[in-house]
Amino acid sequence: MPPSSASTSAAEAKPAGASGGVQSLERAFDLLERMADAGGEVGLSELSTSSGLPLPTIHRLMRTLVACGYVRQQPNRRYALGPRLIRLGESASRLLGTWARPFLARLVEETGETANMALLDGDEIVYVAQVPSRHAVRMFTEVGRRVLPHSTGVGKALLANHPPEEVRALLGRTGMPAATEKTITDPDRFLDALADVRRLGYAVDDNEQEIGVRCFAVPVPNSPTSAAISISGPTGRVTEASTDKIVPVLQEVAAQLSVALANQTPA
């Protein structure tokens, strides 16, 4: 891996004041996150506008990230997230799933239904952990599976506090294909559903990803990356009447998981 000093100035490498960090590293990671938020591909001018950094600084940082394999430059001169991030992301997801499993197990114990944890990765939802229900008839989502956010409870929970213009941009990139006849396929209706999530404090997938399945989901507050937990089960067991029992448990476990992630220690 080439030394970063070849591409960053001494001024950029100095400590970043009160944060105690290295300014060039903080800036580089900020640019990577901005790229992810933009769908994974951006131009230098877009990064300059969103970050407030001058173009020469961004160019030096991006040149280093390209040399290290964390970013690649497209033929159209735009920059895209690079393949070396995949290994880091997969390792982090596995570790996050390991930390989450005891909390999901508690959800299964108290609700009787399958518990999941999911992240917002670019424009998609990725499931990183699951503890299955003990019922013979139960829901199963493969860890690592990716779905679009508009048809899932975790997707609604993760997008509820994003600015409407960002949500519309995401939906424009992914489209809103119907997984079932109950899937929301209109951006305005989806934004209305997100307003309900903010008002109620939880999200519902009512037969929208799979007929016969209902899901309740809540975000994990103050998570280092956008995360949500959920329970899912057959509509005959996960009824509207069960909301008052299930949602408080979800919210309590999400708060406990948030503390554990902040401390970076297993439960």
Side-chain angles (χ1 to χ4, degrees), residues 97 100-101 103-121 123-160 167 170-171 174-220 226-254 257:
R101 281 187 64 83
F103 298 91
L104 300 184
R106 181 191 161 193
L107 281 175
V108 175
E109 185 69 28
E110 297 204 23
T111 68
E113 303 300 339
T114 296
N116 309 282
M117 182 177 186
L119 307 180
L120 182 62
D121 184 21
D123 290 346
E124 297 177 316
I125 299 299
V126 58
Y127 289 91
V128 296
Q130 180 179 88
V131 175
S133 165
R134 297 185 181 92
H135 289 290
V137 178
R138 61 193 180 193
M139 302 304 103
F140 178 79
T141 298
E142 182 181 0
V143 172
R145 181 189 179 195
R146 291 175 174 271
V147 296
L148 297 181
H150 72 283
S151 60
T152 63
V154 286
K156 293 175 188 174
L158 288 166
L159 290 178
V167 176
L170 182 152
L171 297 175
T174 64
M176 300 183 72
T180 76
E181 61 200 35
K182 296 197 69 175
T183 305
I184 299 173
T185 58
D186 176 75
D188 290 329
R189 282 190 58 211
F190 187 71
L191 288 172
D192 288 342
L194 297 188
D196 289 338
V197 176
R198 291 190 295 273
R199 176 174 56 85
L200 297 171
Y202 65 91
V204 182
D205 159 13
D206 187 5
N207 294 272
E208 296 163 51
Q209 179 66 26
E210 185 176 347
I211 292 295
V213 177
R214 183 175 286 114
C215 167
F216 294 115
V218 299
V220 178
S226 294
I229 58 174
S230 68
I231 67 91
S232 56
T235 52
R237 293 199 307 258
V238 183
T239 63
E240 292 183 11
S242 68
T243 304
D244 290 342
K245 172 189 172 184
I246 292 174
V247 169
V249 178
L250 271 170
Q251 292 170 332
E252 182 179 347
V253 172
L257 180 55

On a heavy-atom basis, which atom in [X] and which in [Y] lie closest, and how many Å separate them?
X: Ala115; Y: Leu107; answer: CB-CB, 3.8 Å
X: Gly175; Y: Leu148; answer: O-CD1, 4.3 Å
X: Val197; Y: Ala160; answer: CG1-CB, 3.6 Å
X: Ala254; Y: Pro219; answer: CB-O, 3.7 Å
X: Ala227; Y: Met117; answer: CB-CE, 3.7 Å
X: Ala157; Y: Ala203; answer: N-CB, 3.8 Å

Residues 185-193, side-chain donor-acceptor partners within the protein, below 3.5 Å, at least two apart:
unit_1: Asp186; atom_1: OD2; unit_2: Asp188; atom_2: N; d: 3.1
unit_1: Asp186; atom_1: OD2; unit_2: Arg189; atom_2: N; d: 3.0
unit_1: Asp188; atom_1: OD1; unit_2: Arg168; atom_2: NH1; d: 3.3
unit_1: Asp188; atom_1: OD1; unit_2: Arg168; atom_2: NH2; d: 2.5

Return the set of residues passing side chain to side chain contact (heavy atoms under 4.5 Å, CB included) with Glu109 (not counting sequence neighbours), or none when no residue passes.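 Applying side chain to side chain contact (heavy atoms under 4.5 Å, CB included) to Glu109 gives Arg134.
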Closer than 4.0 angstrom, basic N to acidic O: yes or no for Glu113 and Arg214?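 Salt bridge flag = no for Arg214 with Glu113.
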Derivation and outcome, side-chain contact (heavy atoms from CB on, under 4.5 Å), residues Leu104 and Val108: CA-CA 6 Å; Leu104 300 184; Val108 175; 5.6 Å; no
Is there a side-chain contact (heavy atoms from CB on, under 4.5 Å) between Asp196 and Arg199 once you walk through the steps? CA-CA 5 Å; Asp196 289 338; Arg199 176 174 56 85; 3.2 Å; yes
[X]: side-chain hydrogen bond (donor to acceptor under 3.5 Å, both in side chains) partners, not counting sequence neighbours:
X: Glu210; result: none
X: Ser151; result: Gln209
X: Glu124; result: Arg146
X: Arg198; result: none

Name of the residue among Asn116, Val147, Thr183 meeting side chain to side chain contact (heavy atoms under 4.5 Å, CB included) with Thr152: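 Among Asn116, Val147, Thr183, the one meeting side chain to side chain contact (heavy atoms under 4.5 Å, CB included) with Thr152 is Val147.
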Could you measure the distance from the CD1 atom of Ile125 to the CG atom of Leu120? Nearest 0.5 Å is fine.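 Nearest 0.5 Å value for the CD1-CG distance: 5.0 Å.
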Please walk me through it: do Phe216 and Leu250 pass side-chain contact (heavy atoms from CB on, under 4.5 Å)? CA-CA 8 Å; Phe216 294 115; Leu250 271 170; 3.7 Å; yes
